[in-house]
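So the structure is just underneath, and the comments pick up after that.
Only a predicted model underlies this, so the values are computations on that prediction, with no experimental measurement involved. In what follows, every chain begins at residue 1, and chains take the letters A, B, ... in the order their sequences are listed.
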Protein chains: 2
Amino acid sequence: MEPGERVGERVYRTLRRRILTGEFPPGTRLSVPAIARELGVSRSPVRDAVLQLGNEGLAQETFNRGAIVPQIDHDQLVSLYEAREALEGMTARLATVNFGPGVRRRLLGILDEHDEVVAAGDFTRHIDVDAAFHREIRTAACSPVVARMLEEIQGQVMIAMRSTSVSGGMAHAVEDHRKIFEALASGDPDAGEAAARQHISRLTSLLRTHV
Amino acid sequence: MEPGERVGERVYRTLRRRILTGEFPPGTRLSVPAIARELGVSRSPVRDAVLQLGNEGLAQETFNRGAIVPQIDHDQLVSLYEAREALEGMTARLATVNFGPGVRRRLLGILDEHDEVVAAGDFTRHIDVDAAFHREIRTAACSPVVARMLEEIQGQVMIAMRSTSVSGGMAHAVEDHRKIFEALASGDPDAGEAAARQHISRLTSLLRTHV
DNA sequence: TTAACGAACATTGCATGCAGTGTTTGTGCT
DNA sequence: AGCACAAACACTGCATGCAATGTTCGTTAA
């Protein structure tokens with residue numbers, strides 16, 4: 001007997017997934033009793049989960065009025081990208097130092113797959129492969145604090161991506177990723193950071209013009 | 001009748017303060033019933049508070065064994081400083097753009113006070129004034145996401161500061177701060193970011209040598 | 001018809017109950 | 001004394017109760 005896992009943890013992951021996939025679009029009320037009934041658990045773990053989602057910016061709480069899935073407004077999205085630019089730059093810098101044959105191989109595999117996906121015009125898989133590329137770099141960076149913060153940003157960005165089209169274009173993304181890869185492979189931390197930041201800041205600029 | 005504030009929120013702030021001031025040193029057990037009895041509230045809001053502290057890295061939870069105040073080990077501290085370097089750099093960059101007479105006046109006031117405090121050798125006030133300088137820049141940066149993440153980092157760093165002496169020296173800190181101020185005032189975002197990052201990376205280097 | 005009102009209903013946030021689990025303490029044995 | 005073991009105790013995590021508050025919807029008045 002060792003579940004070793006809280007019910008609240010499972011509820012948290014369920015709700016998080018539903019929010020990120022858009023099954024719970026912005027504005028959806030996160031009613032604790034309703035969710036508890038649906039999942040067949042009591043209100044306590046559901047409450048824990050909703051509070052945790054609130055801490056991560058995936059739920060917006062108001063006193064005595066419960067929580068709703070937030071809309072990520074333009075200013076918030078800009079701020080998210082400002083943080084993301086700084087942190088992705090740092091992961092690239094750190095990953096340059098830790099760059100090895102394993103990372104090289106995996107990144108090249110992701111890039112090849114990305115080429116195929118773009119050629120096929122599959123936007124959904126593009127999102128996944130894009131995320132995989134950045135995740136691989138985060139892992140190589142070996143900085144849990146930075147990685148955790150990027151994941152938190154990623155969540156809110158996923159919400160925003162459904163309402164605003166800030167995609168800079170799939171082909172452009174792969175191009176940027178190849179540049180980042182080459183900078184990492186070159187072993188120059190400054191180049192790695194610069195390439196990663198430019199990748200993000202291009203989106204931030206697009207965002208700022210899209211007032 | 002308008003408390004408009006959750007009991008859990010008050011408990012959270014109380015516990016957070018006790019952890020950050022060292023009243024609850026690392027290893028302290030955060031027993032929900034004990035805290036509830038002491039504060040004269042029920043276990044529910046205390047539980048909420050402890051879970052929230054866990055999300056911020058101010059409590060370490062183990063399944064069926066409750067939470068304790070964490071020790072920040074060396075690797076964790078390095079990762080915290082890596083994130084901090086990236087984010088302080090970004091705030092300085094953004095603050096450069098938003099630099100105005102109000103910010104200038106307040107920063108100069110803080111720097112003058114810092115000089116006095118250092119001359120008096122008051123380490124406790126040094127900590128406060130140091131934090132005030134960085135907070136002023138965070139505020140000027142107008143990026144809530146970046147600011148929030150820096151505050152989260154700040155909490156864990158405060159825990160670590162009591163066990164490891166990573167202080168680079170009070171006088172050196174003021175010197176760095178003046179350089180940052182001048183870079184901000186110059187209006188060059190690159191210079192602002194570079195100055196802020198160097199301030200942090202100096203500490204990171206100290207840390208890395210202090211294996 | 002539409003707007004204002006109020007009663008019925010649902011939800012929130014805090015309090016408390018409880019089974020399972022971990023910890024501590026006291027006891028007996030070597 | 002030192003150790004094994006068990007019983008007593010305490011805590012965790014989930015379930016549920018409840019008063020206060022918020023929401024909804026039907027009814028009434030203009």
- Query: For DNA chain D, what residues of residues 25-35 of chain B have any heavy atom nearer than 4.0 Å?
  - Reply: B:R29, B:L30, B:S31, B:V32, B:P33

- Message: Distance check needed: C:dT11 C1' versus A:F63 CZ, whole Å only.
- Response: 13 Å

- Query: Just how far, in rounded Å, is P of D:dA10 from CD of B:E38?
  - Reply: 17 Å

- Message: Under the salt bridge (charged side-chain N to carboxylate O under 4.0 Å, His left out) definition, can you give me all pairs with a residue in residues 63-78 of chain B, not counting sequence neighbours?
- Response: none

Side-chain atoms of residues 141-151 of chain B: list all donor-acceptor pairs with protein atoms under 3.5 Å, sequence neighbours left out, distances to 0.1 Å.
residue, atom, partner, partner atom, Å
B:S143, OG, A:S79, OG, 2.6
B:S143, OG, A:E82, OE1, 2.6
B:R148, NH2, A:N55, O, 2.9

- Message: Output the rounded distance in Å from CZ (B:R10) to P (C:dC14).
- Response: 13 Å

Output a table of donor-acceptor pairs, distance under 3.5 Å, between side-chain atoms of residues 95-105 of chain B and any protein atom two or more places apart or on a different chain; print 'none' if there are none.
residue, atom, partner, partner atom, Å
B:T96, OG1, B:A92, O, 2.7
B:N98, ND2, B:A140, O, 2.8

- Task: Please collect all ring-ring contact (aromatic ring centres under 6.0 Å, His included) contacts where either partner lies in residues 133-162 of chain A, sequence neighbours excluded, each pair once.
- Result: A:F133-A:H177, A:H134-A:H177, A:H134-A:H199

- Message: Below the 4.0 Å mark, does C:dG22 have OP1 or OP2 next to a side-chain nitrogen or oxygen of B:R65?
- Response: no

- Item | Euclidean distance, atom CG of residue A:N64 to atom C1' of C:dT12 [Å, nearest integer] | 5 Å

- Item | Pairing of B:E152 and B:R84 as salt bridge, 4.0 angstrom limit | no

- Start with the C-alpha distance between B:E88 and B:R135, add both sets of side-chain angles, then the distance that settles salt bridge (charged side-chain N to carboxylate O under 4.0 Å, His left out), and finish with yes or no. CA-CA 10 Å; B:E88 292 276 10; B:R135 183 163 47 241; over 6 Å; no

- Message: Applying side chain to side chain donor-acceptor pair (under 3.5 Å) as the test, list every pair that has at least one member in residues 24-38 of chain B; sequence neighbours left out.
- Response: B:R18-B:E38

- Note on the structure: DNA chain D nearest-nucleotide lookup for A:G40 and B:R37: closer to the 5′ end is B:R37

- By side chain to side chain donor-acceptor pair (under 3.5 Å) - contacts of A:R16 (at least two apart): A:E56

- Query: Got a sec? Which of residues 41-54 of chain A come in under 4.0 Å of DNA chain D, heavy atoms?
  - Reply: A:V41, A:S42, A:R43, A:S44, A:P45

- Note on the structure: Here the distance between atom P of C:dA15 and atom CG of B:L39, to the nearest Å, is 11 Å

- Listed by chain and number, what are the side chain to side chain contact (heavy atoms under 4.5 Å, CB included) partners of A:Q60, not counting sequence neighbours? A:I68, A:P70

- Residues forming a side chain to side chain contact (heavy atoms under 4.5 Å, CB included) with A:L51, sequence neighbours excluded: A:R47, A:E61, B:D48

- Message: I'd like to check the side chain to side chain donor-acceptor pair (under 3.5 Å) partners of A:E136; sequence neighbours left out, ordered by chain and number.
- Response: A:R106

- Quick one: bend of the helix from C:dT1-D:dA30 to C:dT30-D:dA1 from 5 pairs per end, to 10°? 0°

